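Reading through the structure tokens given below for one structure.
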Amino acid sequence: MKLPGLITLTKRADFLSAARGKRVSTPGFTLQMRRRGLDEPAGIRIGFTCSKKVGNAVARNRAKRRLREVARLVLPDHGHDTCDYVLIGRRDETAQRNFETLKADLIDAVHRIHA
RNA sequence: GCGGAUGGCUGGAUGGCCGCUUGGGUGCAAACCCGAGAGGAAAGUCCGGACUCUAUGAAGCGGCGGUGCCGGGUAACGCCCGGCCGGGGAAACCCGAGGGAAAGCGCCACAGAAAUCAAACUACCCCGCUUGCGGGGGAAAGGUGAAACGGUGGGGUAAGAGCCCACCGCGGCCUUGGUAACAAGGACGGCACGGCAAGCCCCACCGAGAGCAAUGCCGAAUAGGGGGUUCGCAUGGGCGCGCUUCGGCCUGAACCCCGGGUAGGCAGCUAGACCCUGUUGGCAACAGCAGGGCCAGAGGAAUGGUCAUCGCGUCUUCGGACGUACAAAAUCCGGCUUACAGGCCAUCCGCAUUU
């Protein structure tokens with residue numbers, strides 16, 4: 001599905017290279033970031049990871065949707081161009097944490113990862 | 001009303017703001033408008049099919065795997081319905097891998113004298129010698145065990161034994177009822193035939209394999225081959241368990257054509273053994289007919305995020321607080337199994353009560 005102003009990651013290789021980049025943890029999620037090379041196309045790219053550790057299929061879906069919603073509201077304004085971001089869900093916390101707090105967490109995390 | 005049995009349904013509601021997938025419409029386009037958008041189990045992936053591909057189709061014999069009371073339903077099933085038999089329950093009702101042990105092999109722990117083919121530990125009876133042994137009778141009593149060579153009563157006897165009799169059980173036979181499993185009755189036999197087939201086995205019936213990441217089409221790169229038509233189908237080699245018989249096909253030759261098929265894209269992909277209502281047949285599962293309906297199609301994967309109000313449950317200092325099941329389509333159907341907060345309905349059984 002598309003998110004306005006963002007490009008969704010689809011390749012396993014993109015996720016793996018983002019995992020080798022910088023990372024910032026918050027109570028609700030972990031943020032990973034990789035700055036792409038100059039020869040690659042421009043744009044902010046985003047991916048989501050909710051493994052079996054998050055819970056069953058229903059819990060993983062809910063965590064992924066909240067992360068996607070928070071990314072949709074925050075990243076087009078606060079994300080940096082030519083960067084890949086990956087949001088990793090946590091068990092229980094991602095689904096239960098207050099939504100406004102989760103948004104503030106992401107804005108803070110983006111600032112910290114580029115500091 | 002209380003306790004219980006069985007079958008089925010449901011599994012939050014409304015509104016605001018911001019989004020996603022998809023069908024249709026308008027528009028040059030941007031976009032806007034109108035619809036549709038998780039489950040009873042979508043789950044486990046345990047059975048059965050549809051569909052697709054593979055150079056194999058029929059018959060016989062064999063092998064391997066599965067199923068296993070009887071009848072019916074179904075596209076099919078290991079599923080469902082009705083019945084039979086055995087067991088449990090006071091009853092409604094529930095449970096059962098429930099073919100064959102006189103085709104054969106094997107096993108039956110411990111205990112016990114003895115575990116299937118013969119026998120005899122204690123005890124019993126008779127005789128002999130004699131105070132404990134020898135010979136014989138018999139298998140009724142005791143004890144062991146999951147199971148002990150029919151059971152109970154009577155006659156009989158030295159003591160006993162189907163040795164004889166009655167009833168019950170068992171066995172094959174006959175009659176009747178039933179499509180059948182089986183049941184009821186009759187005369188006869190005279191006890192002979194223990195259990196395990198979820199150890200091997202025998203019998204009957206069924207069965208190719210791989211799977212939508214199947215498969216087809218469009219197509220960057222790399223390597224060199226790939227495709228079509230016709231002829232032949234003679235020999236050899238081979239082809240979906242083995243052998244035999246019959247048949248088919250591939251490998252062959254000639255001619256013609258040119259891209260190749262991985263990343264990616266498109267198709268397959270949702271109208272179906274479909275759903276609802278009525279009616280007919282049937283005890284039922286189910287089937288027929290008539291009318292109406294369209295009901296998810298994603299592809300790192302939409303079906304949502306957030307705020308508020310209400311409902312329900314628990315607690316409460318009466319302000320409120322907390323909780324609100326299990327579990328999310330992935331080619332599609334029919335089942336089975338397992339998970340599930342709470343709520344609702346129907347039928348039946350027992351007890352209590354009542355005008």
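Chain letters run A, B, ... following the sequence lines, proteins first, then strands; residues in each count from 1. For clarity, every value in this text was computed on a predicted model and none was experimentally measured.
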Open item on the list: Measuring only the P atom in each nucleotide, how far is B:G211 from B:A181? A whole number of Å is fine.
Closed with: 45 Å

Open item on the list: Show, in sequence, the C-alpha distance, side-chain angles and deciding distance for A:Arg45 and A:Arg34, and conclude whether the side-chain contact (heavy atoms from CB on, under 4.5 Å) test is met.
Closed with: CA-CA 10 Å; A:Arg45 301 204 301 177; A:Arg34 178 179 76 104; 4.1 Å; yes

Give the rounded distance in Å between these two atoms: [atom1] of [X] and [atom2] of [N].
X	N	atom1	atom2	value
A:Leu75	B:G19	CG	C1'	16 Å
A:Ile46	B:G300	CD1	P	16 Å
A:Asn61	B:A327	CG	C1'	11 Å
A:Arg60	B:A328	CZ	C1'	10 Å
A:Arg45	B:G300	CZ	P	14 Å
A:Asp84	B:G300	CG	C1'	14 Å
A:Arg66	B:A302	CZ	C1'	19 Å
A:Arg72	B:C20	CZ	C1'	9 Å

Task: Under-4.0 Å side-chain N/O to phosphate OP1/OP2 contact, A:Arg62 with B:A328 - done: no

Task: RNA chain B: 5'-proximal contact among A:Leu73 and A:Asn98 (nearest heavy atom) - done: A:Leu73

Task: Earlier contact from the 5' end, RNA chain B, for A:Phe48 and A:Phe99 - done: A:Phe48

Looking at [N], which nucleotide sits across from it as a Watson-Crick or G-U wobble partner, both distances under 3.5 angstrom, or is there none?
N	value
B:A42	none
B:G299	none
B:G134	B:C127
B:G242	B:C61
B:C32	B:G25
B:A214	none
B:G350	B:C2
B:U157	none

Open item on the list: By nearest atom, which of the nucleotides B:U303, B:A328, B:C18 is closest to the A:Ala57 side chain?
Closed with: B:A328

Task: Closest to side chain of A:Phe15, choosing from B:G300, B:G19, B:A328 - done: B:G300

For [Y], does its backbone N or O pair with a side-chain atom of [X] as donor and acceptor, under 3.5 Å?
X	Y	answer
A:Arg23	A:Leu31	no
A:Tyr85	A:Val110	no
A:Lys22	A:Ile113	yes

Open item on the list: Is there a path of hydrophobic side-chain contacts, each under 4.5 Å between heavy atoms of I/L/V/M/F/W/Y residues, joining A:Phe29 to A:Met33?
Closed with: yes

- [ ] Describe the nucleic acid contact of A:Arg65 in one word from base, sugar-phosphate, nothing, applying a heavy-atom distance below 4.0 Å.
- [x] base

Open item on the list: Using a 4.0 Å heavy-atom cut-off, does A:Asn56 contact any base of the nucleic acid, only the sugar-phosphate backbone, or nothing at all?
Closed with: sugar-phosphate

Task: Passing candidate, side-chain contact (heavy atoms from CB on, under 4.5 Å) with A:Thr30, options A:Thr49, A:Ile88, A:Leu87 - done: A:Ile88

